[in-house]
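Note sheet for the following structure.
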Amino acid sequence: MTGIEIFCAIIVVLFLLYYYSTSTYNFWKKRGVPGPEPIPLFGNIIRVMFSQQSVGEYLHEMYQKYKSEPLVGVFLRRQPLLIINDPELIKTVIIRDFAKFANRGITVNEEAEPLSQHLFALEPERWRPLRTRLSPVFTSGRLKEMFSMIIDCANTLENHLETVAAKGDPVDCRELAARFTTDVIGSCAFGINMNCMSDKESEFRKVGKAFFSTSVTQILRIRIRDIAPKLYTLISRIIPRPYGTDFFIDNVLNMIEYRKKNNIVRNDFIKTLMDIREHPEKLGDIDLTDSLLVAQAFVFFAAGFETSSTTISNALFELALNQDIQDKLRKEVNEHYEINNGEWHYENIKAMPILDAVFKETLRKYPALPILNRKSVDDYTFEDLKFSIPKNIALFIPVYGIHHDPDIYPNPEVFDITRFMGDAESKRHPMHYLPFGDGPRNCIGARFAIFQTKIGLVKIIRKYKIDICERTVIPYVINPRAFLLAPNHPITLKVTKIEN
């Protein structure tokens with residue numbers, strides 16, 4: 001082959017690649033949907049792909065630019081993606097016509113990542129029956145049963161803080177909170193003491209950290225999985241599974257077998273998994289594999305500790321910056337502590353409006369899940385707009401963008417708990433606050449997350465003053481690689497015991 005032939009072949013290949021990557025780029029123009037011009041190969045997410053910007057921040061940018069538009073059309077590489085800004089359309093997608101958008105559109109690879117087939121990511125066919133069987137774990141009644149276990153873990157946190165405060169060194173509050181929430185999940189879900197407050201890091205804690213890692217290896221794995229799932233499956237046969245996969249599967253299955261063999265009955269998440277395993281017919285035609293079963297425990301473990309621990313540390317960061325709010329919260333906590341003779345009960349935590357407002361404003365400013373994603377399971381027409389989309393179109397709801405809209409939340413970068421006090425909430429559209437999503441596919445563990453976060457804050461604030469220090473990173477910087485909203489740095493604060 002001559003040099004000219006090689007050159008021509010390269011030109012042809014590049015042309016075909018260009019044509020393939022741009023062949024869908026008239027999709028939104030044909031439908032009259034506004035949006036930015038895509039870049040060949042990358043679409044509109046080049047900065048996200050190169051980890052220069054998080055998906056939440058990108059959607060915030062699009063929300064600000066096209067706020068007057070109910071819908072915005074962008075491209076995820078060559079895949080059309082619809083951003084929904086209008087609250088009534090959001091309500092239509094996640095509540096009114098939920099059946100048409102029941103899929104999240106998240107890649108599940110059972111062979112390469114057995115634990116990816118969890119409730120958050122599953123397609124509707126498996127999600128529906130599993131959600132029905134798992135929902136009773138998170139009722140108010142079951143939460144009341146778990147309350148004493150959460151308090152026990154919080155007491156351990158409180159005792160640990162006394163040692164930490166005595167040393168006088170700045171504290172990585174994100175790591176501290178993660179150890180607390182991992183202990184809570186271990187106790188409430190698995191009936192085991194993970195002892196995460198000790199100096200020795202438990203294997204469960206290591207697995208949790210690895211799952212949310214934003215290392216180059218982890219990001220590369222995610223990119224290949226999303227762009228070329230078949231290639232990812234192929235190479236997964238020669239590269240190790242994600243760290244901790246086999247450890248977690250083996251441990252959960254061993255817990256189940258041990259309880260069954262020794263006739264141990266404990267009303268927790270493992271008991272629910274045992275019930276599901278003994279009566280697979282209640283799931284319909286689902287093939288109930290061990291990895292599918294264990295994946296449900298894994299997502300409760302991973303999401304349960306990460307989202308709550310990040311929320312606790314974000315709240316502490318804001319309380320350190322806003323000492324007046326911290327003082328008000330401590331006063332409320334002490335009042336309830338005295339009223340109930342030093343005992344904490346389920347009803348106490350629900351009856352603290354300042355605590356509730358601090359919690360909600362933290363999730364307003366730092367929503368753990370900065371976007372909600374859905375995928376059309378059939379062709380669909382937005383009747384009011386006379387606009388149609390085909391099956392399998394991805395839809396994103398810019399939660400972070402909505403939560404930082406100055407027309408909805410004036411001065412959105414200010415931590416203002418009055419946004420959630422009195423009748424302020426009732427004056428806003430319900431789709432303008434979505435930290436746990438909404439509709440049938442909202443966060444199944446929302447109640448649990450709320451209570452473990454609030455109890456953690458109560459135990460910390462009652463006895464300890466939280467301040468910024470020379471190692472505190474200000475302003476807060478979002479990690480552009482993380483799926484969940486998290487800082488790109490430790491949240492290091494000074495913890496001082498309050499002498500009564």
Discussion item. Taking D290 first and then R277, would you say they form a salt bridge - that is, a charged N and a carboxylate O separated by under 4.0 Å?
Written reply: yes

Intermediate values then yes/no, side chain to side chain contact (heavy atoms under 4.5 Å, CB included), W127 and R441:
CA-CA 9 Å; W127 167 80; R441 202 147 187 175; 3.6 Å; yes

Worksheet item: Between F120 and F483, how do the two ring planes meet: parallel, tilted or perpendicular, split at 30° and 60°?
Response: perpendicular

For E318 and F415, the nearest pair of non-hydrogen atoms, with its separation, is OE1-CB, 3.2 Å

Notebook entry, point to check: Sub-3.5 Å donor-acceptor pair from the side chain of T181 to the main-chain atoms of Q452, do we have one?
Noted result: no

| request: May I ask you to decide if the ring planes of W28 and F387 are parallel, tilted or perpendicular, using 30° and 60° as cut-offs? | output: tilted

Residue pairs meeting side-chain hydrogen bond (donor to acceptor under 3.5 Å, both in side chains), one or both in residues 345-355, sequence neighbours left out, come to N340-N348

Q) Mind checking whether Y366 and F317 have parallel, tilted or perpendicular rings, split at 30° and 60°? A) perpendicular

(Q) Can you confirm whether more than 12 heavy atoms, excluding those of D407, are under 6.0 Å from its CG atom? (A) yes

Discussion item. Checking the side chain of H432 only, and the main-chain atoms of D405 only, is there a donor and an acceptor separated by less than 3.5 Å?
Written reply: no

*Would you kindly say whether D152 and S187 are connected by a side-chain donor-acceptor distance under 3.5 Å?*
no

> Have Q117 and S291 got a donor and an acceptor in their side chains that come within less than 3.5 Å?
Replying inline: yes

For this session: Assess the side chains of N85 and K67: does a donor N or O sit below 3.5 Å from an acceptor N or O?
Result: no

Residues S116 and V108: closest non-hydrogen pair is OG-CG1, 3.7 Å

As a quick check of understanding, evaluate side chain to side chain contact (heavy atoms under 4.5 Å, CB included) for T307 and T453, giving each step before the final call. CA-CA 9 Å; T307 56; T453 301; over 6 Å; no

**OP:** Give the intermediate values and the outcome of side chain to side chain contact (heavy atoms under 4.5 Å, CB included) for residues V458 and L355.
**Re:** CA-CA 8 Å; V458 162; L355 175 63; 3.7 Å; yes

Examine distances only and state if a side-chain atom of R428 and a backbone atom of R419 form a donor-acceptor pair shorter than 3.5 Å. yes

Does R31 make a cation-pi contact with F27, if we ask for NZ or CZ under 6.0 Å from the ring centre and within 45° of the axis? yes

Nearest heavy-atom approach of Y58 to I45 is CE2-CG2, 4.5 Å

Closest non-hydrogen atoms of Y476 and P487, given as atom of the first, atom of the second and distance, are OH-CD, 3.1 Å

Using a strict cut-off of less than 4.0 Å between a Lys/Arg side-chain nitrogen and an Asp/Glu carboxylate oxygen, indicate whether E145 and R266 qualify as a salt bridge. no

**Report entry** K365 side chain near P412 side chain, heavy-atom distance below 4.5 Å
**Finding:** no

task: With salt bridge (Lys or Arg N to Asp or Glu O under 4.0 Å) as the test, would you mind laying out the steps for D275 and K271 before giving the verdict?
output: CA-CA 6 Å; D275 292 341; K271 173 64 166 56; 3.1 Å; yes

_Over 12 foreign heavy atoms within 6.0 Å of CG, N442_ = yes

Check: Between R259 (side chain) and I264 (backbone), is there a donor-acceptor pair under 3.5 Å?
Finding: no

- Distance-only, no hydrogens or angles: does the R104 side chain make a donor-acceptor pair with backbone N or O of R374 under 3.5 Å? no

| Mind checking whether F448 and I150 have side chains closer than 4.5 Å, heavy atoms only? | yes

Nearest heavy-atom approach of E88 to R96 is OE1-NH2, 2.5 Å

Result for side chain to side chain contact (heavy atoms under 4.5 Å, CB included) between Q296 and one of T272, I276, L122 points to L122

Item checked: Y380 six-ring centre to K100 NZ/CZ under 6.0 Å and within 45° of normal -> no

Given 3.5 Å as the limit, does a donor-acceptor pair link the side chain of H160 with the main chain of T156, or not?
no

Note: I417 and A357 closest approach over all heavy atoms is O-CB, 3.5 Å

*Is it true that R225 and E111 have a side-chain N and a carboxylate O under 4.0 angstrom from each other?*
no

Can the positive tip of R364 be found less than 6.0 Å from the middle of the six-membered ring of Y409, inside 45° of the ring normal?
yes

Using atom types as modelled and distance alone, determine if a side-chain donor or acceptor of S376 lies under 3.5 Å from a backbone N or O of I393. yes

In this structure, CG of N267 is separated from SG of C188 (nearest 0.5 Å) by 11.5 Å

Exercise for the section: Decide yes or no on ring pair (Phe, Tyr, Trp, His ring centres under 6.0 Å) for F301 and F269, but give the supporting numbers first. Expected result: CA-CA 10 Å; F301 163 72; F269 200 86; over 10 Å; no

Next on the checklist: Any heavy-atom pair between the side chains of I83 and V74 that's under 4.5 Å?
Outcome noted: yes

More than 12 heavy atoms from other groups under 6.0 Å of OH on Y258: no

Requested in this report: Starting from the C-alpha separation in whole Å, work towards a yes-or-no answer on salt bridge (Lys or Arg N to Asp or Glu O under 4.0 Å) for R174 and E306.
Outcome: CA-CA 9 Å; R174 192 164 174 232; E306 177 67 12; 2.9 Å; yes

Exercise. Do the ring planes of F436 and F359 sit parallel (below 30°), tilted (30 to 60°) or perpendicular (above 60°)?
Worked result: parallel

